[in-house]
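Since the structure comes first, as structure tokens, the remarks are kept for the end.
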Amino acid sequence: QVQLVESGGGLVQAGGSLRLSCAASGSTFSITTMGWFRQAPGKEREFVAVVSRNGGATYYADSVKGRFTISRDNAKNTVYLQMNSLKPEDTAVYYCASSRLAFTTTHVGDFDSWGQGTQVTVSS
């Protein structure tokens, strides 16, 4: 498995930006799909964005499309989530996750390693 540690969360006003980072340990990082998910209080964990093994393909939830950008640097074993034009409804704990499946997936159940999460709070 891959060990994941998120950073970069915080409090920001609506319309602002944050950049989340997820540092991974382990030699298998480059062969895993990496994703970001979020969970707001009282709600289920939901898909936000995913990037394929080589970074060539990305997918986004409709709610963040055009505002968030996922990227990865395999040389640094790190995946990023750039979040722009933040809205109060983006408030949640954001989790980084990895999947060893051979195909790029957005399903939460396909991810087998998870970080501890980082809080993002957007004030109105």
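Residues: numbered from 1 along the sequence shown.
Looking at every heavy atom in both residues, Ala102 comes nearest to Arg53 through CA-NH2, 3.2 Å. Between Gly8 and Leu18 the shortest heavy-atom distance is O-CD2, 3.9 Å. Taking both residues in full, the closest heavy atoms of Thr106 and Phe37 are given as O-CE2, 3.8 Å, listed atom of the first, atom of the second, then distance. Nearest heavy atoms, Thr105 versus Leu101: CG2-CD1, 4.3 Å. Taking each heavy atom of Ala92 and Ala40 in turn, the nearest pair found is CB-N, 3.9 Å.
Side chains of Val50 and Thr33 form a contact here, defined as non-hydrogen atoms less than 4.5 Å apart. Using a 4.5 Å heavy-atom cutoff, the side chains of Val79 and Cys96 are in contact. Residues Asp90 and Phe68 meet the side-chain proximity criterion, which asks for heavy atoms closer than 4.5 Å. Leu20 places a side-chain heavy atom less than 4.5 Å from the side chain of Val120. No side-chain heavy atom of Trp114 sits less than 4.5 Å from a side-chain heavy atom of Leu4. Residues Ser71 and Val51 fail the side-chain proximity criterion, which asks for heavy atoms closer than 4.5 Å. At least one side-chain heavy atom of Trp36 sits less than 4.5 Å from a side-chain heavy atom of Cys22.
Between atom CE of residue Met34 and atom OG1 of residue Thr58 there is a gap of 14.5 Å, rounded to the nearest 0.5 Å. Within the model, atoms OG of Ser63 and NZ of Lys65 stand 9.5 Å from one another, a figure rounded to the nearest 0.5 Å. Remark: Arg38 CZ to Leu81 CG distance equals 9.5 Å, nearest 0.5 Å. With values rounded to the nearest 0.5 angstrom, Gln3 atom CD is found 9.0 Å from Ser98 atom OG.
Aromatic pair Phe111/Tyr95: centroids not less than 6.0 angstrom apart.
Checked by atom type and distance alone, the side chain of Ser52 pairs as donor or acceptor with a backbone atom of Ala57 at under 3.5 Å. Formation of a donor-acceptor pair under 3.5 Å by the Tyr60 side chain with backbone atoms of Ile70 is found in this model. A donor-acceptor contact shorter than 3.5 Å links the side chain of Ser99 to the backbone of Asp110. A side-chain donor-acceptor contact under 3.5 Å links Ser113 to the backbone of Val2. A donor-acceptor pair under 3.5 Å links the side-chain atoms of Arg67 to the main chain of Ser85, judged by distance alone.
Both Val93 and Val108 are assigned to one and the same hydrophobic cluster, defined by single-linkage of ILVMFWY side chains at heavy-atom distances under 4.5 Å.
In the displayed structure, Lys43 atom NZ is contacted under 6.0 Å by at most 12 heavy atoms of other residues, nucleotides or ligands. When the shell of 6.0 Å around CD of Glu44 is examined, it contains 12 or fewer heavy atoms from other residues, nucleotides or ligands.
No hydrogens or angles considered: nothing links the side chains of Thr78 and Asp73 as a donor-acceptor pair under 3.5 Å. Side-chain contact of Thr91 with Glu89: a donor-acceptor pair under 3.5 Å is absent, judged by distance alone. Remark: the Glu6 side chain and the Thr118 side chain contain no N/O donor-acceptor pair separated by less than 3.5 Å.
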| Could you go step by step and tell me if Tyr94 and Met83 meet the side chain to side chain contact (heavy atoms under 4.5 Å, CB included) rule? | CA-CA 11 Å; Tyr94 283 70; Met83 306 185 294; 3.9 Å; yes
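With a 6.0 Å cutoff to the six-membered ring centre and a 45° limit on the axis angle, Arg72 does not count as a cation-pi contact of Tyr80.
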